[in-house]
Amino acid sequence: MSERKVRVRFAPSPTGPLHIGGVRTALFNYLFAKKHGGDFLLRIEDTDQARYVPGAEDYIHKALEWSGITIDEGPKQGGPFAPYRQSERKAIYRQYAEQLLASGHAYYAFDTTEELDRARTEAEEKGETFTYNAFNRNLMKNSLSLSESECKVLLLSSTHYVIRFKMPENQDVTEVDLIRGSVTFNTSLLDDKVLFKSDGMPTYHLANVVDDHLMEISHVIRGEEWLPSMPLHVLLYRAFEWENTMPRFTHLPLILKPVGKGKLSKRDGDKLGFPVFPLLWNDPETGDTSRGYREDGYFSEAFVNMLALLGWNPGTEQEIFSMKELCEAFSLERVGKSGARFDPEKTKWFNHQYFIKKTNNELGELFLPLLNGKGIMADLSTVIRVCGMVKERCNFVSEIWDQSYYLFQPPNTYDEKIVSKRWKNEVPGVMREISDFLGTIQQWKVTVIKERFSVFVADNGWNFGTVMNSLRLCLVGGSFGPDIFDICEIIGQAETVSRILNAIVTIKN
């Protein structure tokens with residue numbers, strides 16, 4: 001097994017948007033493959049056509065691409081084991097279903113929906129749960145309870161049927177999970193799963209095992225919810241006599257709600273105000289829109305970094321990892337067994353770390369279109385400077401506006417508490433004198449403005465702190481913002497004078 005090339009697959013169903021739990025599964029598969037010089041495959045498992053949602057497959061591709069997860073083989077990339085979309089592999093599966101029938105590991109079942117419902121109802125009336133298994137399979141309508149001639153008639157008459165796996169009676173199935181260790185299931189607790197339907201489509205279980213075998217998958221790394229399926233899949237490998245090439249199994253822990261109990265869902269995100277999908281999703285069936293991390297302003301690197309540490313521990317104090325560093329550090333041995341609690345605030349923290357690492361130029365380029373969208377045509381060099389002044393206080397590009405709007409537009413209101421405290425009777429006259437003085441400065445640079453202004457205030461015998469507080473109120477509408485002389489230089493001489501004069505009039509009224 002150690003000499004076998006590492007080949008892993010991410011195999012989502014296109015039944016809706018890709019949850020962040022699915023992205024994490026893809027990420028862990030990708031990191032494991034790259035750590036071991038292996039291949040990462042994308043396989044679209046669309047055998048359940050009734051649940052297929054238009055646009056969902058394209059969403060999967062875009063979500064992985066945005067997350068920086070590169071696909072080696074897949075529906076778009078192609079590869080030596082194409083096609084990678086199960087609906088296009090339909091013809092492959094029948095022969096394997098028939099092989100299981102021939103070897104006695106599967107059987108035809110002709111039970112109608114009504115007959116199965118009746119069996120469930122009868123079991124419920126006895127306080128029991130109906131399970132199609134070794135205990136009652138001979139009481140149902142199938143090729144084990146019917147004669148060969150009866151089966152032949154039903155098959156020739158195109159009666160609806162399914163092919164079920166014949167689960168061995170009271171047998172322990174033990175397999176090693178690379179996270180959980182040795183896991184044992186007893187077949188008496190398992191049902192005879194449907195593998196194939198008369199419409200020619202396989203179920204997940206048959207298609208999954210056949211495709212993993214044909215595509216030479218070495219490790220199956222999937223969510224914890226698939227752990228109960230492991231014994232069936234192991235038994236299928238044995239039934240096909242593929243046990244020597246059976247992949248190693250790993251079941252990842254759940255991503256839990258912020259409160260720590262239960263699986264994270266879209267409802268949790270809606271309730272607490274955070275996305276649970278990587279990208280914005282517009283549901284083509286309901287018209288509902290779900291938020292995405294990309295559209296909410298998260299950097300893809302921060303999103304991936306956050307996901308990597310949900311359930312995996314590097315064993316060090318390091319928290320910030322590039323994709324390259326993750327590939328080098330990742331190991332399944334350090335993935336925990338218990339669920340990982342999702343923390344929305346920690347997710348913002350990750351984005352902040354990547355935000356402040358961006359250069360002022362990078363942030364300026366990202367922020368400028370947002371300004372333009374507000375009808376503000378600002379000089380890029382000014383925007384870059386502003387980003388450098390406020391970025392430590394921001395988590396997202398959109399928050400640059402919240403921290404700097406007063407540098408791009410004059411205030412239209414003035415903080416009433418500050419006005420009451422700072423705007424005394426003599427202040428309007430002082431501000432008018434200051435506006436006249438500022439209009440005379442020849443070189444509009446921070447150092448020059450500061451030096452000339454300080455001398456002017458001192459010569460007039462004014463209290464420097466009182467003057468500065470009143471001036472700040474005129475320029476920004478409150479008591480916030482960076483150094484007052486930086487504000488003056490950024491907004492320009494004419495705008496500085498205009499804001500002072502406007503404040504004098506507005507506050508008076």
Under a 3.5 Å threshold, yes or no: a donor from one side chain and an acceptor from the other, between Arg222 and His251?
yes
Give a yes/no verdict on a cation-pi contact between Lys374 and Phe408, requiring under 6.0 Å between NZ or CZ and the six-membered ring centre and an angle within 45° of the axis.
no
What verdict does the ring pair (Phe, Tyr, Trp, His ring centres under 6.0 Å) test give for Trp312 and Phe321, after you've listed the backbone C-alpha separation in whole Å, the side-chain angles of each residue and the deciding distance to 0.1 Å?
CA-CA 13 Å; Trp312 171 73; Phe321 290 85; 5.7 Å; yes
Taking atom types as modelled, is there a side-chain donor on Asp72 or Gln77 under 3.5 Å from an acceptor on the other?
no
Tell me whether the count of non-hydrogen atoms from other residues, nucleotides or ligands lying under 6.0 Å of NZ in Lys257 goes above 12.
yes
Might you work through the ring pair (Phe, Tyr, Trp, His ring centres under 6.0 Å) test for Tyr293 and Phe277, ending with a clear yes or no?
CA-CA 7 Å; Tyr293 277 89; Phe277 303 121; 9.5 Å; no
Can you see whether Asn509 engages Thr506 through a side-chain donor-acceptor pair at a distance of less than 3.5 angstrom?
no
Counting heavy atoms not belonging to Gln49, are there more than 12 under 6.0 Å from its CD?
yes
Below 6.0 angstrom between ring centroids: does that apply to Phe303 and Tyr298?
no
Just by distance, with hydrogens left out, do Tyr93 and Asp211 show a side-chain donor and acceptor under 3.5 Å apart?
yes
Does Lys62 NZ have over 12 foreign heavy atoms under 6.0 Å away?
no
Whether Arg291 and Glu295 form a salt bridge (side-chain N of Lys/Arg under 4.0 Å from carboxylate O of Asp/Glu) is what I want to check.
no
Whether the Glu73 and Tyr84 side chains hold a donor-acceptor pair (N or O, under 3.5 Å, no angle test) is what I'd like checked.
yes
Counting only heavy atoms not in Glu319, do more than 12 fall under 6.0 Å of its CD?
yes
Is the count of non-hydrogen atoms from other residues, nucleotides or ligands lying under 6.0 Å from Lys263 atom NZ greater than 12?
no
Can we call the ring centroids of Tyr30 and Phe10 under 6.0 Å apart?
no
